[in-house]
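Below is one structure, written out as structure tokens, with a few remarks after it.
In this chain, residues are counted from 1 in sequence order.
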Amino acid sequence: MSAGAKQYKAIGDDIWKRTDKVNAELFTLTYGALVVQLIKDYEDYGEVNKQLEKMGYNIGTRLIEDFLARTGLQRCQSFAETAEVISKVAFRTFLGITPSLSFPPPSNSNTNSNLPQPNEFILTFDENPLAEFAELPRDAREGGLWLSNVLCGVIRGALEMIQMQVETRFLSDVLRGDDSTEMYVRLVKIMEEEQPENDE
């Protein structure tokens with residue numbers, strides 16, 4: 001683990017110790033009830049995935065301000081540093097977990113010479129509080145439900161607020177019978193900061 005990664009892990013642990021906690025079972029069961037209601041409302045797992053991502057996006061656009069206020073962190077210097085902060089500080093701060101981080105080797109299809117390298121990363125979750133007491137029925141697995149898709153939206157929304165447009169999606173989920181739960185995040189572009197009108 002690099003010195004920066006150790007520093008971020010220490011920051012995440014410190015904030016976690018000082019944060020008021022919500023009962024984990026209540027949180028997990030409430031989230032599960034929300035997903036069940038979405039399934040009843042939409043009757044289409046693809047649409048449920050979209051709604052979870054949309055909810056997460058809205059949460060992320062607001063959560064970033066709280067995160068920056070709690071941590072006092074400055075703007076990251078690279079997308080790799082951003083990935084470290086997400087893994088070791090953000091997830092620790094809000095969910096009490098620290099997913100492991102890896103950077104896939106660059107492929108010809110996703111290399112954009114205008115973007116910093118690496119421009120993608122994978123978070124591997126050893127534990128996932130959103131899926132703690134969950135079990136996906138066969139039709140949900142076959143229908144393509146990603147139970148924790150709200151997390152993809154949270155990351156997308158938070159990063160967009162700091163001028164990073166990203167694509168996020170789950171690659172695997174233990175609830176779907178996979179060996180691990182992995183989320184893929186790819187930087188699409190660095191957005192220009194917009195100046196408010198009449199700002200001179």
Side-chain angles (χ1 to χ4, degrees), residues 8 11-12 15-16 18-22 26-28 30-35 37-38 41-42 46-99 101 112 114-116 118-123 125 128-131 145-171 173 181-199:
Y8 291 132
I11 291 170
I15 293 170
W16 177 248
R18 293 184 283 130
T19 301
D20 292 335
K21 311 295 187 290
V22 174
L26 177 63
F27 173 73
T28 302
T30 302
Y31 180 74
L34 169 76
V35 174
Q37 188 60 51
L38 286 172
D41 290 348
Y42 290 97
E47 188 59 34
V48 171
N49 288 336
K50 287 179 191 172
Q51 292 301 315
L52 289 171
E53 202 276 345
K54 186 176 172 182
M55 285 178 187
Y57 175 85
N58 290 328
I59 292 167
T61 60
R62 289 161 180 80
L63 208 58
I64 186 70
E65 290 180 29
D66 182 50
F67 175 74
L68 293 173
R70 283 185 192 201
T71 63
L73 291 173
Q74 300 298 313
R75 181 179 291 273
C76 294
Q77 300 302 308
S78 67
F79 193 61
E81 184 182 5
T82 301
E84 291 283 357
V85 170
I86 290 169
S87 170
K88 301 198 174 38
V89 185
F91 273 101
R92 183 74 175 147
T93 298
F94 295 110
L95 291 176
I97 62 173
T98 307
L101 174 65
N112 179 340
N114 298 331
L115 293 175
N119 69 340
E120 59 186 352
F121 63 88
I122 295 172
L123 296 170
F125 297 84
N128 179 356
L130 299 180
L145 178 65
W146 294 101
L147 183 76
S148 302
N149 213 41
V150 70
L151 297 176
C152 291
V154 169
I155 290 175
R156 188 173 70 86
L159 291 180
E160 196 168 292
M161 292 294 102
I162 56 171
Q163 278 66 51
M164 292 184 189
Q165 182 181 349
V166 296
E167 167 197 322
T168 59
R169 69 179 187 275
F170 275 96
L171 300 174
D173 191 339
T181 300
E182 295 181 320
M183 180 195 297
Y184 172 81
V185 180
R186 182 178 69 88
L187 180 62
V188 175
K189 73 177 182 177
I190 304 288
M191 301 181 306
E192 298 293 322
E193 286 197 52
E194 295 180 12
Q195 293 286 334
E197 288 186 35
N198 301 327
D199 187 35

Looking only at heavy atoms, what is the nearest atom pair of Thr168 and Gly153, with distance? OG1-N, 4.5 Å
Just checking Glu65: does its CD atom have more than 12 heavy atoms from other residues, nucleotides or ligands closer to it than 6.0 angstrom? no
Quick check: do Ile86 and Leu159 have side-chain heavy atoms less than 4.5 Å from each other? yes
Drop me the distance from Ile155's CD1 to Thr82's OG1, to the nearest 0.5 angstrom. 11.5 Å
Within a strict 4.5 Å, meaning less than it, do heavy atoms of the Val150 and Leu34 side chains meet? no
Taking every heavy atom of Ser87 against every heavy atom of Thr98, the minimum-distance pair comes out as O-CG2, 3.6 Å
Does a side-chain heavy-atom distance below 4.5 Å link Leu101 with Glu84? yes
What is the minimum heavy-atom distance between Leu187 and Val166, and which atoms define it? CA-CG1, 4.0 Å
Can you measure from CG (Leu151) to CD (Glu53) and round to the nearest 0.5 angstrom? 11.0 Å
Is the backbone of Pro129 close enough, under 3.5 Å, to the side chain of Thr28 for a donor and an acceptor to pair up by distance? yes
Answer yes or no: is there an ion pair linking Arg62 with Asp66, defined by an N-O contact shorter than 4.0 Å? no
Using only heavy-atom distances, determine whether the side chains of Ser148 and Asn128 contain a donor-acceptor pair under 3.5 Å. yes
Working for side-chain contact (heavy atoms from CB on, under 4.5 Å), residues Leu52 and Tyr31: CA-CA 10 Å; Leu52 289 171; Tyr31 180 74; 3.6 Å; yes
Counting N and O atoms only, with roles assigned by atom type, does the side chain of Gln165 sit under 3.5 Å from a partner on the main chain of Gln163, one being a donor and the other an acceptor? no
Describe, in one word, how the ring planes of Phe125 and Phe91 are oriented to each other, choosing from parallel (under 30°), tilted (30 to 60°) and perpendicular (over 60°). perpendicular
Is any side-chain heavy atom of Val185 closer than 4.5 Å to one of Phe79? yes
Roughly how far, to the nearest 0.5 Å, is the CG atom of Asp41 from the CD atom of Gln51? 9.0 Å
Straight-line distance of Glu167 CD to Asn119 CG, nearest 0.5 Å: 10.5 Å
Rounded at 0.5 Å granularity, tell me how far CZ in Arg75 sits from CD in Glu81. 11.5 Å
Within the structure provided, determine whether Trp146 and Met183 are in side-chain contact (heavy-atom separation under 4.5 Å). no
So, do Val85 and Phe67 sit near enough that their side-chain heavy atoms are less than 4.5 Å apart? yes
Any chance you could measure Arg156, atom CZ, to Thr61, atom OG1, to the nearest 0.5 Å? 10.0 Å
